[in-house]
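Numbers here simply count residues along the sequence, with the first being 1.
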Amino acid sequence: MTIYLPSCFDNIIKVLYQSKDNSEIPRYLSLVCKLTGGPNIILSAVYGSPQNAKEKLKVWKRYHEHMQVLTSKFGSCPLIVAGDWNQKLDLISESVITPNEVCLKTIIQDFDLCDFYQISTHEFSKNDKIRLERQGQIPCINTLGNTFYPKITGNRPSRIDGVLLSNSLLSNMIQKNLFLSNEHPSADHKSVHITFTWSLCGISNEKNKIKFFFHNHLIDDKIFMKRLRRSIADNLIAKYW
């Protein structure tokens, strides 16, 4: 897997740190990026194991540890994870699930992630259609969101490709769109396309940095937090009177 950052974002996003799976068959790659005038954000690409349940479980355990290391090093950043999970995403919400699904569900819960497919509007714009036609792709809407159409007779289509993102990011989103596209006729996967706009505190709409930005590390400063609480209390009392 790989992550591409368009050159037009060179003045907006800067890669601070990168980390990947060091196993014999790498399954994930993550970038910690700095947004100009805004917070850090983690972009992660995943290719889940297509093998048996034990192999899948090993992958999710490694990925869970990987994300714990990143968040302990850079704090609780907004997170976007995309890829071919090789795991039926609809099954994660069911009560009776296998150990590897339990581990994946733990990742979703521990890092407060949500399934973008479940919360998005499923449509594409005229510009999306033109862009994909130039790339030889055909946009399509699928009510079930199935992305995998196996060539083996008897195997059922399923939704195993998708995007998970932080609920903190979702709460700042204004527009959320998702659709699929058909690529090469012999491919057994559809591509997932997402578009969203956000209004994150600290992100400037202009090229210049904003004048004020809250530094998260101050939350761990006991003296600062004591002064902040006292100031809030004094203001609340003054407003009350």
Side-chain angles (χ1 to χ4, degrees), residues 1-21 26 28-47 63 66-84 111-114 116-117 119-121 123-137 139 161-179 181 183 191-221 224:
M1 80 295 298
T2 187
I3 299 174
Y4 290 97
L5 298 177
S7 58
C8 60
F9 292 160
D10 285 348
N11 296 325
I12 301 172
I13 189 168
K14 178 183 178 183
V15 177
L16 302 178
Y17 182 81
Q18 54 185 318
S19 180
K20 65 182 180 66
D21 186 7
Y28 50 79
L29 165 71
S30 297
L31 303 178
V32 180
C33 302
K34 175 68 176 177
L35 294 174
T36 300
N40 293 340
I41 187 167
I42 298 176
L43 305 178
S44 191
V46 175
Y47 178 64
Y63 188 69
H66 163 76
M67 292 309 306
Q68 285 179 320
V69 170
L70 283 184
T71 53
S72 64
K73 193 167 186 175
F74 293 94
S76 184
C77 311
L79 171 64
I80 300 177
V81 192
D84 174 5
F111 300 102
D112 195 26
L113 302 175
C114 64
F116 193 87
Y117 174 81
I119 53 91
S120 62
T121 302
E123 59 184 24
F124 54 86
S125 67
K126 183 179 179 180
N127 288 338
D128 289 324
K129 187 175 181 180
I130 294 172
R131 173 175 60 86
L132 292 177
E133 285 177 349
R134 288 174 178 172
Q135 298 172 1
Q137 301 184 51
D161 308 84
V163 180
L164 302 182
L165 49 82
S166 301
N167 275 298
S168 60
L169 188 58
L170 171 63
S171 62
N172 286 279
M173 284 186 179
I174 302 169
Q175 176 188 357
K176 305 176 287 291
N177 292 336
L178 179 148
F179 65 91
S181 71
E183 295 190 44
S191 291
V192 179
H193 301 258
I194 71 168
T195 304
F196 60 84
T197 57
W198 63 24
S199 177
L200 274 177
C201 180
I203 297 181
S204 174
N205 291 326
E206 300 175 357
K207 292 183 179 180
N208 298 326
K209 291 187 176 181
I210 58 175
K211 295 180 180 179
F212 171 80
F213 178 70
F214 185 80
H215 294 276
N216 292 335
H217 67 85
L218 290 174
I219 296 174
D220 298 323
D221 188 324
F224 172 81

Quick check: closest heavy atoms across [X] and [Y], and the distance to 0.1 Å?
| X | Y | value |
| --- | --- | --- |
| Leu31 | Gln18 | CD2-CB, 3.6 Å |
| Asp21 | Pro26 | O-CB, 3.6 Å |
| Val69 | Ser72 | O-OG, 2.8 Å |
| Val163 | Ala82 | CG2-CB, 3.9 Å |
| Cys33 | Val15 | SG-CG2, 4.1 Å |
| Phe111 | Gln68 | CZ-N, 3.7 Å |

In Å, rounded to the nearest 0.5 Å, how long is the span from [atom1] of [X] to [atom2] of [Y]?
| X | Y | atom1 | atom2 | result |
| --- | --- | --- | --- | --- |
| Leu132 | Phe179 | CG | CZ | 5.0 Å |
| Leu178 | Glu123 | CG | CD | 11.0 Å |
| Asp112 | Asn167 | CG | CG | 4.0 Å |
| Ile13 | Leu5 | CD1 | CG | 5.5 Å |
| Leu35 | Phe9 | CG | CZ | 10.5 Å |
| Ile130 | Ser125 | CD1 | OG | 8.5 Å |

Verify, without hydrogens or angle tests, whether [X] (side chain) and [Y] (backbone) share a donor-acceptor contact under 3.5 angstrom.
| X | Y | result |
| --- | --- | --- |
| Thr36 | Asn11 | yes |
| Asn177 | Thr195 | no |
| Ser19 | Ser30 | no |

Within 6.0 angstrom of Lys129 NZ, more than 12 heavy atoms from elsewhere: no
Donor + acceptor pair across side chains of Asp10, Ser7 (<3.5 Å): no
Qualifying residue, where the test is side chain to side chain contact (heavy atoms under 4.5 Å, CB included) with Leu79 and the options are Leu43, Leu113, Leu70, Leu165: Leu113
Close side-chain approach of Asp128 and Pro139, heavy atoms under 4.5 Å: no
His193 and Phe124 aromatic centres sub-6.0 Å: no
